[in-house]
Structure formats: C-alpha cells, structure tokens
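Remarks on the structure that follows.
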Amino acid sequence: MGRFAERLSVKVVGSTLERDASVAVALIAVQLVAAFALTWALGGTAHVPPHWFYFPILFAALRFGVIGGVTTALMAAMLAGPLVPADVVSRTPQPLSDWSVRSAFFVAIGVALPTMMRLGTSTIQETRRRSRSEDDIQRGLDRNEFVLHYQPIVSLRSGRIVGAEALLRWQHPTRGLLTPDAFIDDVERLGSVAGWVIAEAATAAARLRRDRDLHQFTVSVNVSAQNLAQPDFVAQIRTALRAAQLAPQHLCIELTETTLVDDLESIGARLQVLRSLGTRVSIDDFGTGHSTLSYVRQLPIDVIKIDQSFVRDLGPEGRSVAIVDSVAGLARDLDAVCVAEGVETEDQREALLGRGIQFGQGYLFARPGPIGELEQMLARLDTADR
Ligand code: C2E
Ligand code: CA
Ligand code: CA
C-alpha cells in the first residue's frame, strides 16, 4: 500500500472511531434526558425509584471505562437529585440522605463495572497467552528446539573444571536464543522437560567422563518444586542414569532455596530418596529464601550454592562478608561443599578463596555455552597440563 493510501486508511479508521465516540456521547445524553423526563412524568423519585438512570451509566462505563462511568453517574446523580425534587406531585422536597445514598450507588456502578470488565478480560487474555505459549512450547519440543548449555564449575584455586551446570535454552525460530526466565514457568506447567534435561545432561556427562578420563566431573541440573513432587521423578532419574551409564554420584540435583519453604518433612523425605539413589543434592541461590539454619541443618545436602547477589557485594566495602562466612560455616557443619555463583572478577575470586570457599562458577571462568565449548575448554586445560 502506498504511503498516501496508508495515511488515508488511518484517517478513515481514526474518524470512524471519533464518529463512534460522538454517537455514543449523544446516546448517553439522550438516555439521561429520557431517564430524567420519565422520572419527572411519573411523579418524581419518591414515586418511582430512578432505575432508568442505570442505562446511561452502564453504557458509558462499558464504552468509556471508569472516567465515562463516573462522569455519567455524577450527571445522573444531579438529574435524579436536586433537579428532580422528590415528589413532583406533592412538591415535598427530597431528603438529602436519599439523594446522597443514590449518588454513591450510581458512582459505585460507574466504577465497578469497568473494573470488573477489565479484570475479566485480563484473565481471558492471560489464559489465551498461556495457551498460545503452551502450543509454542509443544511445537518447540516436537522440533527439538530446546538445548542445554553448560557452565563450568571450577576450583577457585587452580581453575580446574570439576563439573558443569546444565542450563536450559530455547532456540526459538523467530525470537532467537531464549533463557529460562522467558519460558520456564510455562514449561513447568506442561511438566514435560525435567526428564529430558536430566537424561540429556547425564548422557553428556557420561560421554565427557569417558572421552576425557575425568574422574571428578559432576553435572548439575536444576529441578523445580513441581518436578520434585512428581511421583515418577525418582524413577525418571534412575532410568536416565541407567541409559547414560553414569554413576549416580556424578549427577547433582539443584533445588532453589525458595523450594524448601514447603512442608519440611515431605521435602526431606524426597531428598533422602534422591540421596539413597546416590545422586548429590545441592541447595541453589542460598541466602535468598527464608529458611532458618536449623531448618536447613535437618536436610540431607551435599552442596550449597551461594547466591550471586552476595558474591557481587563481596568487595572491600561489601556487606556480604558476614553472610558468606556464615554460609561457609554452615557448609562445614553439614559436611557439604560450597560453590559461589556469579563470580565475575578476579577480586571476587580472591575474596571467596580468602573466606574458605573452594569452588565457583561465573563469567570470570566461562559463560554458559553449548557442550562443544565446554569440551574445547577441557581440551585447552588438558593441553596446558602437559
Ligand atoms: P540458576 O540455577 O541460579 O543459574 C545461574 C544463572 O546465572 C544462569 O542464568 C547463568 O547463566 C547465570 N550466570 C552464570 N554466571 C554468571 C555471572 O558471572 N554473572 C551473572 N550475572 N550471571 C551468571 P540462566 O541460564 O538464565 O538461568 C536462570 C535460571 O533458570 C537458573 O538460575 C535456574 O533457576 C533456571 N533454570 C535453568 N535451567 C533450568 C532447567 O532445566 N529447569 C528448571 N526448572 N530451571 C532451570
Ligand atoms: Ca542452578
Ligand atoms: Ca543459582
């Protein structure tokens, strides 16, 4: 379409909307006058409850939202109040209380209707968005668009890679490479990727360990509260480990601390089952939840991951030193390993080492990337060793 035609079409649409609005305003005015005339003709508000005024208020609220609803409600209140003296026939004045209660009622309708409409349609919109997104995810799953990226976990002292965290990515055909915050909630509602993530990560870890003769290497996967609650979750892990031929101690299940707020007994029992399988259990984002130390002490935990917000704040004037110290102390008490997340600078690495933290991951060492990047990094370190 040419530019002129485009402009013309916008103008036509614009003027149609404008015309519609003036027609609506005229209709509201006519309805108000009609309601006033009817109430007057029938003897005033003392004889007829002025229900006629609801029509213009409802129409204005639907057409123009709260502003239209309230404006029309106030006009209706004036017309059904001071301008219609209570009893036209007997000419008795209208009590002020009657008028003010009626006005409040009109205004309440003018506000409530558009508000309820908005809430109703936003629920419908959210339901539509979810269903579109779930269809999109299902299509992505069918076309193998989901991939795992790996971020190495290293010894802070030597730089040696001791493991990697598998992080979910979606190679979306139109939106590009997406990180989990863009889709994980919808994926979790479908409940369909945890089994795949574990199987994929276990297979990659088993291959890396075989090819590169890595004795220590452990792969970590993120697991949500919903995943943990699935009745067949443990069976999925067992199947994945068997299929990949990975020894269970080389798989670490990461749970965010906020997952732990639920019922301690059932979480503890599930973690215990995972542990009895031989897999390791890690508490992710430690320090961001509200769990108390005594609470965490009762859980079977192998790894505590210090949240990146504390690592960021570790500089000489940082306020996180005491927190990092207490997490390190807790890890020692529990016989657990501490991993610092989000290590971005050499200063942070040194500060963490100074506080007795041995392991870390972060952009200082590597960003999460495809398995090939992890392999290249392992190969580079191998060569450096020789
Ligand atoms: P997380 O488990 O805390 O993962 C660490 C996040 O920090 C990752 O974000 C990683 O890319 C990012 N990161 C790593 N190093 C640095 C650094 O030095 N600086 C900064 N600023 N960030 C760093 P990502 O990949 O976007 O993942 C976000 C979250 O999504 C993860 O947080 C995890 O909770 C969740 N997630 C990832 N994969 C899965 C999955 O397979 N299943 C489930 N349920 N959740 C997943
Ligand atoms: Ca994690
Ligand atoms: Ca984390």
Side-chain angles (χ1 to χ4, degrees), residues 137 140-141 145-154 156 161 163-172 175-205 218-230 233 236-237 240 251-260 280-289 301-314 327 337-349 351-352 357 359-371 373-374 377:
I137 287 169
L141 287 168
E145 288 167 7
F146 286 87
V147 289
L148 289 183
H149 278 190
Y150 295 85
Q151 185 177 38
I153 298 174
V154 306
L156 290 174
I161 297 177
E165 176 174 3
L167 295 157
L168 190 59
R169 297 288 181 265
W170 183 2
Q171 188 62 63
H172 195 279
R175 295 161 66 199
L177 187 70
L178 303 179
T179 51
D181 40 307
F183 60 80
I184 197 73
D185 289 346
D186 292 328
V187 166
E188 286 301 331
R189 233 187 350 271
L190 283 174
S192 45
V193 286
W196 175 82
V197 168
I198 294 170
E200 181 83 4
T203 308
T218 299
V219 73
S220 301
V221 292
N222 292 284
V223 158
S224 70
Q226 290 102 304
N227 299 153
L228 192 67
Q230 278 164 14
F233 183 61
Q236 281 180 14
I237 294 183
L251 176 70
C252 182
I253 305 290
E254 291 195 4
L255 286 160
T256 52
E257 194 198 355
T258 41
T259 313
L260 305 179
R280 284 143 63 84
V281 172
S282 163
I283 301 302
D284 205 349
D285 304 335
F286 194 82
T288 58
I301 293 168
D302 302 282
V303 180
I304 296 182
K305 295 187 87 169
I306 303 179
D307 189 61
Q308 35 185 280
S309 55
F310 304 118
V311 175
R312 208 172 299 136
D313 204 18
L314 249 192
V327 177
V337 168
C338 239
V339 177
E341 299 189 294
V343 185
E344 292 184 351
T345 65
E346 190 56 36
D347 286 350
Q348 289 167 348
R349 186 187 75 88
L352 286 160
I357 311 290
F359 301 100
Q361 69 186 94
Y363 298 164
L364 177 64
F365 312 106
R367 287 181 178 255
I371 186 77
E373 280 182 21
L374 179 65
M377 200 172 159

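Read the numbers this way: they start at 1 and go in the same order the structure lists the ligands and their atoms.
Across every non-hydrogen atom of Glu344 and Gln348, the tightest pair is N-OE1, 2.7 Å.
Contact annotation: for Val193 versus ligand 1, there are no heavy atoms closer than 4.0 Å. If you look at Asn222 next to ligand 1, the close heavy atoms, those under 4.0 Å, come from the backbone and the side chain alike. For Val221, no heavy-atom contact with ligand 1 is shorter than 4.0 Å. Counting heavy atoms under 4.0 Å from ligand 1, residue His149 does not touch it at all. When heavy-atom distances to ligand 1 are checked against a 4.0 Å cut-off, Asp285 comes that close only through its side chain, counted from C-beta outward. When non-hydrogen atoms are compared, ligand 1 lies under 4.0 Å from neither the backbone nor the side chain of Arg367. Within the 4.0 Å heavy-atom criterion, the part of Arg169 lying near ligand 1 is the side chain and not the backbone. Heavy atoms from both the backbone and the side chain of Leu167 come within less than 4.0 Å of ligand 1.
Counting heavy atoms from C-beta on, the side chains of Leu251 and Val219 come closer than 4.5 Å. Proximity of Ile161 to Phe365: side-chain heavy atoms (C-beta onward) are nowhere separated by under 4.5 Å. Using a 4.5 Å cut-off on side-chain heavy atoms (C-beta onward), Pro152 and Leu374 make contact. Side-chain contact between Val221 and Ile253 is present, with heavy atoms from C-beta onward closer than 4.5 Å. Contact check for Val327 versus Cys338: side-chain heavy atoms found under the 4.5 Å cut-off. Annotation: side chain of Leu148 is in contact with side chain of Leu168 (closest heavy-atom distance under 4.5 Å).
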Exercise. Side chain to side chain contact (heavy atoms under 4.5 Å, CB included) between Val303 and Glu254: does it pass, once the steps are laid out?
Worked result: CA-CA 9 Å; Val303 180; Glu254 291 195 4; over 6 Å; no
For this session: Verify side chain to side chain contact (heavy atoms under 4.5 Å, CB included) between Asn222 and Ile184, making sure each step is shown before the conclusion.
Result: CA-CA 11 Å; Asn222 292 284; Ile184 197 73; over 6 Å; no
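Protein heavy atoms are found inside the 4.0 Å sphere centred on atom 25 (O) of ligand 1. Using a 4.0 Å threshold on non-hydrogen atoms, atom 9 (O) of ligand 1 does not count as touching the protein.
Atoms CG and OG1, from Asp302 and Thr218 in turn, are 10.0 Å apart once rounded to the nearest 0.5 Å. The CD atom of Glu165 sits 3.5 Å away from atom NZ of Lys305, with the distance rounded to the nearest 0.5 Å. Rounded to the nearest 0.5 angstrom, Tyr363 OH and Gln308 CD are separated by 7.0 Å. Distance check: Arg349 CZ to Leu364 CG gives 7.5 Å after rounding to the nearest 0.5 Å. We find the CD-CG distance between Glu145 and Leu178 to be 9.5 Å, quoted to the nearest 0.5 Å.
Nearest protein neighbour of atom 41 (O) of ligand 1, counting heavy atoms only, is Leu168 CB, 3.5 Å. Shortest contact from atom 6 (C) of ligand 1 to any protein heavy atom: Gln308 NE2, 4.0 Å. Protein heavy atom at the shortest distance from atom 1 (P) of ligand 1 is Asp284 OD2, 3.9 Å. For atom 43 (C) of ligand 1, the closest non-hydrogen atom of the protein is Ile184 CD1, 3.6 Å. Summary of contacts: the protein heavy atom closest to atom 37 (C) of ligand 1 is Pro180 CG, 3.4 Å. Residue, atom and distance of the protein heavy atom nearest to atom 16 (C) of ligand 1 are Tyr363 CE2, 3.2 Å. Nearest protein heavy-atom contact of atom 11 (O) of ligand 1 is Pro368 CG, 3.3 Å.
A donor-acceptor pair shorter than 3.5 Å cannot be found between the side chains of Asp347 and Thr345. Side-chain contact of Gln151 with Gln361: a donor-acceptor pair under 3.5 Å is present, judged by distance alone.
The only member of Ile301, Asp285, Asn227, Leu228 that meets side-chain contact (heavy atoms from CB on, under 4.5 Å) when paired with Leu255 is Leu228.
Around the Ca ion (ligand 2), the protein atoms of type N, O or S found under 3.0 Å away are Glu165 OE2, Asn222 OD1, Glu254 OE1, Asp284 OD2, listed by chain and number.
At least one heavy atom of Glu188 lies less than 4.0 angstrom from ligand 1. Residue contacts with ligand 1 leave out Gln361, since none of its heavy atoms falls under 4.0 Å from the ligand.
Numbered from 1 in the order shown, with element, the atoms of ligand 1 that lie under 4.0 Å from a heavy atom of Glu165 read 2 (O), 4 (O). Remark: ligand 1 atoms within the under-4.0 Å shell around heavy atoms of Val197 are 41 (O). Of all atoms in ligand 1, listed by their number and element, those nearer than 4.0 Å to a heavy atom of Gly362 are 15 (N), 18 (O). Close approach of ligand 1 to Glu344 is summarised as follows: ligand atoms under 4.0 Å from at least one heavy atom of the residue are 17 (C), 18 (O), 19 (N), 20 (C), 21 (N). Ligand-side atoms of ligand 1 in range of Gln151: 14 (C), 15 (N), range being under 4.0 angstrom from any heavy atom. Close approach of ligand 1 to Thr179 (heavy-atom distance below 4.0 Å) involves ligand atoms 26 (O). In summary, the atoms of ligand 1 found under 4.0 Å from a heavy atom of Glu341, numbered by their order in the structure, are 3 (O).
With sequence neighbours excluded, the residues satisfying ring pair (Phe, Tyr, Trp, His ring centres under 6.0 Å) with Phe183 are Phe146, Trp170.
Under a 3.5 Å cut-off, the side chain of Glu200 and the backbone N or O of Trp196 do not form any donor-acceptor pair.
Backbone and side-chain nitrogen or oxygen atoms of Arg312 are examined, and none is located within less than 3.5 angstrom of a nitrogen or oxygen of ligand 1.
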